[in-house]
Amino acid sequence: MTKPDFARLPGFRDFPPEDFALRSHIQESWRRVARRYGFQEYDGPPLESLDLYVEKSGEEIVGQLYNFVDKGDRPVALRPEMTPSLARILGERSRGMSKPIRWFSMPQLFRYERQQRGRLREHFQWNVDIVGEEDVSADAEVLAVAIDGLRELGLGAADFAARVSDRRLLTALLSGAGVDAARIPAAFSVIDKIERLPDEKADELFRSEAGLDDEGIASVRSLLATTEIAALHEAFGDDAAVGAELERLRRYLDLLDAMGLGDFVTLDLRIVRGLAYYTGIVFELFDRQGELRAICGGGRYDRLLELVGGEPLPAVGFGMGDVVLGELLASRGLVPAFEPALDYFVVMVSEGERPVGLEVAHALRDRGHSVAYALRDQSVGKQMKTAARDGARSVLVVGPDEVERGALVLRDMASGEERDVPLAELL
RNA sequence: GUGGGCGUAGCUCAGUUGGUCAGAGCGCCGGAUUGUGGUUCCGGAGGUCGCCGGUUCGAGCCCGGUCGUCCACCCCA
């Protein structure tokens, strides 16, 4: 076994080529889709000031941060999410930028947690944000990017769906059900956990944390079970505040329908998202079979930029991690096979031909072809074996005979056919 | 942070009630084939059986601890 001293840190991954291939497949798909929607790529430092996370996400997150004090006595942390960095970066420069700002990034994020399936101490996360637009069309645009990111990888409406909700709507509904304004956050917290709690336990929390009576609990439970805007309208639309929020959410869903993405979206008021900074529409993407953790989560965070000291700007975005997504792709057979590939492998019959072989190899490389050859004197059979193993599409053989007649033998590895190619054509 | 299942070659695993138990397949390297591949055959390298300690005449096998890993809880980007 490996010496413990040199073992990989728990929760961190190595990416040998066969694993790097999947990471690259995912990231290239993300990048294509983001650009298709007109987003520009950015990045920030992996290490940030600890305060950036404490002040914005709350003290409780510190327990899960990879943080330490650096040699300059600064409390620092490896970034656990990208949004605070984005807010900081835009805080410094958004005033001079035209809005809305459409930015995306694929940072490696870190969190000090016990690892288990779908959850490591680092992962790559696709972050897509629109800053400076408060209209729901921005919310719809962002969710469309997330959905298309998964479609780009071969996943369809049978594989995953978005569950969407709106904190403003939920706030209005909860107020209508008798929850005090001060206890709304506590009620959100209970709702966030409701799928993992037994009914009695949840009811108890609704009473103790949110101050609901039996009637209020029944009312909240009924609205959480509702998945149609129309039904909510019928049941709670008399409340003017609720009505206005419903109208906005209806428009959001209509916009996604217009894009042809309606099959991917379901209303689910149980989605509130854990982070404190969300202010409006929130959503999560789940696999339909419910075997995995959420693939993606996001929503509107209209106050964050000013909280970090920037220009007050509305914003909406999401984060999608590569770990759970990789598992979903694997379970659906959507991980592309890893196959090495080379355009050419140059076989040198003896050391005497190495100079010519190198000249040809380099000329081909200059023209953009991938070319490899044996790095030491080996039998032709051995070199052919290596060429086949490395996925060479063609082999160029150069030996004394070829040098003599000024032409190399070009072998097509798939068909086995061989023909002469004049040396002059290769250089 | 809590509880539980696992931990034997690079990989997947076999190892009977503790006494040739350190093995197989695949992979890797070399050869058969000193100018031609993916097959086949032959050979080789590679493991202090995660680590430390204990019980025993003797432990891969039993016990304790520890580390790693997986699962559940907690928490959630």
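In what follows, chains carry the letters A, B, and so on, assigned in the order in which the sequence lines appear, proteins first and then strands, with residues in each chain numbered from 1. Excluded from the calculations below are hydrogen atoms, water molecules and symmetry mates; all remaining heavy atoms, backbone and side chain alike, are included.
Applying the 4.0 Å criterion to OP1 and OP2 of B:rC75, one finds that A:Arg111 has every side-chain N and O outside that range. Dashed line: the shortest gap from a side-chain N or O of A:Lys193 to OP1 or OP2 of B:rC74 is not under 4.0 Å.
The listed nucleotides are B:rA77, B:rG30, B:rG35; the one nearest the side chain of A:His123 is B:rA77. For A:Glu402, the side-chain atoms get nearest to B:rG35 when compared with the rest of B:rC76, B:rG30, B:rG35. Between B:rG30, B:rC29, B:rG35, one nucleotide has an atom nearer to the side chain of A:Arg389 than all others, and that is B:rC29. In the set B:rU36, B:rG31, B:rG35, B:rG35 carries the atom at the smallest distance from any side-chain atom of A:Asp401. Of all nucleotides listed (B:rG30, B:rG37, B:rU36), B:rG30 comes nearest to the side chain of A:Lys382.
Between A:Leu9 atom CG and B:rG68 atom P the separation is 9 Å, expressed in whole Å. One can place NZ of A:Lys385 at 11 Å from P of B:rU40, the figure rounded to the nearest angstrom. Atoms CZ (A:Arg119) and P (B:rA72) sit 10 Å apart, rounded to a whole Å. In this structure, the CZ atom of A:Arg411 is 11 Å from the C1' atom of B:rG35, given to the nearest Å. Rounding to whole angstrom units, CG of residue A:Asp377 and C1' of B:rG35 are separated by 12 Å. The interatomic distance linking A:Tyr66 (OH) with B:rA77 (C1') rounds to 16 Å, in whole Å. With rounding to whole Å, A:Phe12 atom CZ is found 17 Å from B:rC67 atom C1'. Separating the CG atom of A:Leu120 from the P atom of B:rC76 is a distance of 19 Å, rounded to the nearest angstrom.
B:rC11 sits 7 Å from B:rG27 when the C1' atoms are compared, rounded to a whole Å. Separating the P atom of B:rC74 from that of B:rU2 is a span of 15 Å, rounded to the nearest Å. Of the C1' atoms belonging to B:rG54 and B:rG18, the separation is 15 Å, rounded to the nearest Å. Separating the C1' atom of B:rG68 from that of B:rC49 is a span of 16 Å, rounded to the nearest Å. Remark: the separation of the C1' atoms in B:rG23 and B:rC62 is 23 Å, to the nearest Å. Comparing B:rG7 with B:rG50, their P atoms are spaced 8 Å from each other, to the whole Å. Spacing of P atoms, B:rG38 relative to B:rC28, comes out at 12 Å, to the nearest Å. Between the P atoms of B:rC67 and B:rC76, the separation comes to 27 Å (whole Å).
The residues A:Arg248 and A:Asp139 are annotated as not salt-bridged, no charged nitrogen and carboxylate oxygen being separated by less than 4.0 angstrom. Contact check on A:Arg288 versus A:Asp263 returns no salt bridge, with no Lys/Arg side-chain nitrogen under 4.0 Å from an Asp/Glu carboxylate oxygen. No salt bridge links A:Arg31 with A:Glu28; every basic N to acidic carboxylate O contact stays at or beyond 4.0 Å. Salt bridge status for A:Glu133 with A:Lys99: absent, with no side-chain N to carboxylate O gap under 4.0 Å.
To the nearest 0.5 angstrom, A:Ile191 atom CD1 is 11.0 Å from A:Arg270 atom CZ.
A donor-acceptor contact under 3.5 Å links the side chain of A:Glu113 to the base of B:rA77. For B:rU36, the base has no donor-acceptor partner in the side chain of A:Gln383 [N/O atoms by modelled type, under 3.5 angstrom].
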Apply side-chain contact (heavy atoms from CB on, under 4.5 Å) to A:Ile26 and A:Leu329, showing your working. CA-CA 10 Å; A:Ile26 289 173; A:Leu329 292 175; 3.9 Å; yes
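Counting any heavy atom pair closer than 4.0 Å across all strands shown, A:Arg376 reaches sugar-phosphate atoms only and no base atom. Residue contacts shown for A:Gly321 are absent, as no nucleic acid heavy atom lies under 4.0 Å away. Here A:Gly391 lies out of heavy-atom contact (under 4.0 Å) with every strand.
Where A:Met413 and A:Gln378 meet RNA chain B, the nucleotide closest to each residue was compared, and A:Gln378 sits on the side nearer the 5' end. In terms of position along RNA chain B, the nucleotide closest to A:Ser415 lies nearer the 5' end than the nucleotide closest to the other residue of the pair A:Phe110 and A:Ser415.
Partner assigned to B:rG44 is B:rC28, using Watson-Crick or G-U wobble distances below 3.5 angstrom. Of all nucleotides present, none satisfies the Watson-Crick or G-U wobble test against B:rU36 with each distance under 3.5 Å. Here B:rG64 sits opposite B:rC52 as a Watson-Crick or G-U wobble pair (both hydrogen-bonding atom distances under 3.5 Å). Judged by Watson-Crick or G-U wobble contacts below 3.5 Å, the nucleotide B:rU2 has B:rA72 as its partner.
Judged by the 6.0 Å and 45° rule, A:Arg121 forms no cation-pi pair with A:Phe110.
Counted by atom type alone, A:Tyr37 and A:Asp148 present one or more donor-acceptor pairs between their side chains at under 3.5 Å.
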